[in-house]
Amino acid sequence: MPELPEVEVVRRGLETWITGRTVDTVTVEHPRAVRRHLAGGADFAARLAGRTLEAPRRRGKYLWIPFGEGAVLAHLGMSGQLLVGAADAERQKHLRVRLTFTDGGPDLRFVDQRTFGHLMGSDLVPDPHGGQAPVPAIIAHIAADPFEEVFDDEAFHRNLKKRRTGVKRALLDQSLISGVGNIYADEALWHARLHGERPTARLTRPQAGLLLAAARGVMGAALDAGGTSFDALYVNVNGESGYFDRSLNAYGRRDEPCGRCGTPIRREVFMNRSSFSCPRCQPRPRGA
DNA sequence: CAAGGTACCTGTTAGC
DNA sequence: TGCTAACAGGTACCTT
C-alpha cells in the first residue's frame, strides 16, 4: 500500500520522466478517479491540457505536479499507480486517467484497481505549515511529514499531549503527522515498544522522540529499498515493484517470533484493520 | 472542535 | 467444484 516511501519513489520517477514536458491530451476513463475535482472531468482535462509540468512535489502521501499558479494533485489511495510508459502500450484493465504529451514521448497513466485514489486540479496557496514552497489549497489541513524541514518534533509532542486518543490513531491522523499508514505505524510502534492504544496524553517526550525516530527509520529504510511491495498492486513509475517486506518486524507477521524476544507476534483488529504487535515488548495499556 | 465509526471500492483467498 | 465471507485500508464525511 502506498505510504510515504512508496509515494516518494513515484515522485522521483515522475521528476525524471515528466518535468518540463507539455501536456497534450487528457483522457478521463473513469469519473470516479476525478470525483474530488468538483467541476468535473471535462474541466479537469481542460485545466491540464497545454500546461508545462514542473518538478513534482510531495507532502505525506499526497503528490502534486505544479504548473504556474495551479497543480494537478494525486493521491494513490490503496492501489493507485502512476505509470510512465510507451504511448502505444496496451491499455491497463484499471486505467483511470491518461495524459499524453506534445513531444509524443512516453505517456502518463493513472491506474487504480480499488479506486480509492484520485486526481484533481487545485490552486496553490502559501504553505500553512511554514514551508517555502506553496501547497495545494485542498491539502492545507494535512500536516507536514517527518522528513520535512518544517516538521516540528516539539510541536508534535505537545499536540500528542493535548489529544485524548491512542498513539496509533494519532500516527494515522494526517493532520498531526502525515505520510504514516497502517504498515509503518505498526513498525514504528514495534521499534518504540509501544502498544497502539497507549494514551497519547501520557507519552513522555523521550517516548515521542523515540517514536518519531522509529517512524523516520522505518520509512527511510523503505525509501532506500525503493518502496515496499506486498502484492502486485504497488508498482513504481517505471513499472518495477520494490522489495522491503522481509525487513518488517511486526506487520503481517502473526504468530511469527518477535525479532527481539521471540514471543509470537499477535494480530488485533483495530479501527477496522489489522494491527500487529509483540505481546511482550508492547503490552496493552492497563484498562484499555 | 475532538473523537470515533463508516462508506467507498475490487480482487484474492480461505473455508465449507 | 462452486459459493460465500473475510480481508486489504486511506480518507472524507457524518454523528456524538
Side-chain angles (χ1 to χ4, degrees), chain A residues 1-8 10 29-38 58-64 73-82 92-97 110-120 122 135-143 145 156 158-189 196-202 215 219 222 227-235 241 244-245 248 250-255 266-277 285 288:
Chain A
M1 315 309 157
E3 301 182 26
L4 185 155
E6 292 78 18
V7 178
E8 175 61 15
V10 171
E29 303 270 348
H30 197 303
R32 188 170 154 77
V34 292
R35 65 192 178 282
R36 296 208 65 212
H37 190 93
L38 300 180
R58 182 190 56 73
R59 167 164 280 171
K61 304 171 196 171
Y62 283 90
L63 175 70
W64 67 94
L73 177 69
H75 194 291
L76 300 178
M78 288 182 58
S79 56
Q81 299 169 275
L82 285 165
Q92 289 86 352
K93 182 177 179 185
H94 302 293
L95 177 65
R96 306 304 183 196
V97 179
F110 180 60
V111 177
D112 187 16
Q113 177 197 104
R114 294 179 200 168
T115 76
F116 280 13
H118 69 271
L119 303 184
M120 66 180 295
S122 179
V135 301
I138 197 78
I139 65 159
H141 66 294
I142 299 295
D145 69 56
F156 177 68
R158 285 197 301 273
N159 289 332
L160 285 181
K161 300 292 286 181
K162 283 188 278 190
R163 287 294 181 113
R164 291 295 175 269
T165 188
V167 63
K168 183 166 180 181
R169 272 186 198 280
L171 277 179
L172 295 176
D173 184 339
Q174 305 294 304
S175 68
L176 280 177
I177 177 174
S178 68
V180 183
N182 198 42
I183 296 167
Y184 297 117
D186 277 5
E187 292 302 303
L189 290 166
E197 293 184 47
R198 288 277 288 271
T200 56
R202 290 207 287 272
M219 291 198 293
T228 307
S229 177
F230 302 94
D231 53 35
L233 287 178
Y234 170 71
V235 182
S241 296
F244 184 65
D245 49 308
L248 297 179
Y251 183 84
R253 299 199 59 216
R254 174 166 47 170
D255 297 336
R266 73 178 152 210
R267 172 182 179 272
E268 298 170 294
V269 175
F270 176 66
M271 294 170 73
N272 280 326
R273 66 203 60 196
S274 294
S275 287
F276 299 90
S277 59

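We name chains A, B, ... by the order of the sequence lines, and we start the count at 1 in each one.
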Between A:R267 and the options A:S274, A:S277, A:S275, the side-chain hydrogen bond (donor to acceptor under 3.5 Å, both in side chains) test singles out A:S274
Name the pairs: protein N/O against N/O of nucleotides 13-16 of chain C, kept only if under 3.5 Å.
none

Rounded to whole angstroms, how far apart are CZ on A:R169 and P on B:dA2?
15 Å
Check this for me, if you would: do A:D145 and A:R58 make a salt bridge, where the nitrogen-to-carboxylate-oxygen distance has to be below 4.0 angstrom?
yes
Do the side-chain N or O atoms of A:K93 get closer than 4.0 angstrom to the phosphate oxygens (OP1, OP2) of B:dT10?
no
For B:dA2, does OP1 or OP2 lie under 4.0 Å from any side-chain N or O of A:T165?
no
Could you tell me how far apart A:R254 (CZ) and B:dA14 (C1') are, to the nearest whole angstrom?
11 Å
Between P on B:dC9 and CZ on A:R35, what's the gap in Å once rounded to a whole number?
7 Å
Look at all strands and tell whether A:H141 reaches a base, only sugar-phosphate, or nothing, counting heavy atoms closer than 4.0 Å.
sugar-phosphate
Is a side-chain donor or acceptor of A:R36 paired with a backbone partner of A:A33 at a separation under 3.5 angstrom?
no
Contact list (N/O, under 3.5 angstrom) for nucleotides 5-8 of chain C vs protein:
{"unit_1": "C:dA8", "atom_1": "OP1", "unit_2": "A:S274", "atom_2": "OG", "d": "2.8"}
{"unit_1": "C:dA8", "atom_1": "OP2", "unit_2": "A:R267", "atom_2": "NH2", "d": "3.4"}
{"unit_1": "C:dA8", "atom_1": "OP2", "unit_2": "A:S274", "atom_2": "OG", "d": "2.9"}
{"unit_1": "C:dA8", "atom_1": "O3'", "unit_2": "A:Y251", "atom_2": "OH", "d": "3.2"}
{"unit_1": "C:dA8", "atom_1": "N3", "unit_2": "A:R114", "atom_2": "NH1", "d": "3.4"}

Grab the CD1-P distance between A:I142 and C:dT11 for me, whole Å please.
6 Å
Quick one: sort the A:H75 and A:H118 rings into parallel, tilted or perpendicular, breaks at 30° and 60°.
parallel
Between the main-chain N or O of A:G179 and the side-chain N or O of A:Q174, is there a donor-acceptor pair closer than 3.5 Å?
yes
Hey, is the main chain of A:D112 close enough, under 3.5 Å, to the side chain of A:S79 for a donor-acceptor pair?
no
May I ask you to evaluate whether A:H75 reaches the phosphate of C:dT11, defined as a side-chain N or O under 4.0 Å from OP1 or OP2?
yes
Take atom NE2 of A:H37 and atom C1' of C:dA12, then tell me their distance rounded to the nearest Å.
18 Å
For A:R35, is the CZ atom crowded, meaning more than 12 foreign heavy atoms sit under 6.0 Å from it?
yes
Nearest whole angstrom, please: distance from the C1' of C:dG10 to the CG of A:L4.
14 Å
Taking all non-hydrogen atoms of both residues, which atom of A:L160 and which atom of A:A170 are closest, and how far apart?
CD2-CB, 3.7 Å
Determine the contact category for A:F270: base if any of its heavy atoms lies under 4.0 Å from a base atom, sugar-phosphate if only primed atoms, P, OP1 or OP2 are that close, otherwise nothing.
nothing
Rounded interatomic separation in angstrom, taking CG from A:L172 and P from B:dG4
13 Å
Any non-hydrogen side-chain atom of A:Q81 less than 4.5 Å from a side-chain atom of A:V10?
no
Does A:H94 make a side-chain N or O approach to OP1 or OP2 of B:dC9 shorter than 4.0 Å?
no
For A:K61 and A:L4, indicate whether the former's side chain and the latter's backbone hold a donor-acceptor pair under 3.5 Å.
no
A:L95 CG - B:dT10 C1' separation (whole Å):
16 Å
Would you please confirm or rule out a distance under 4.0 Å between OP1 or OP2 of C:dG10 and any side-chain N or O of A:Q174?
no
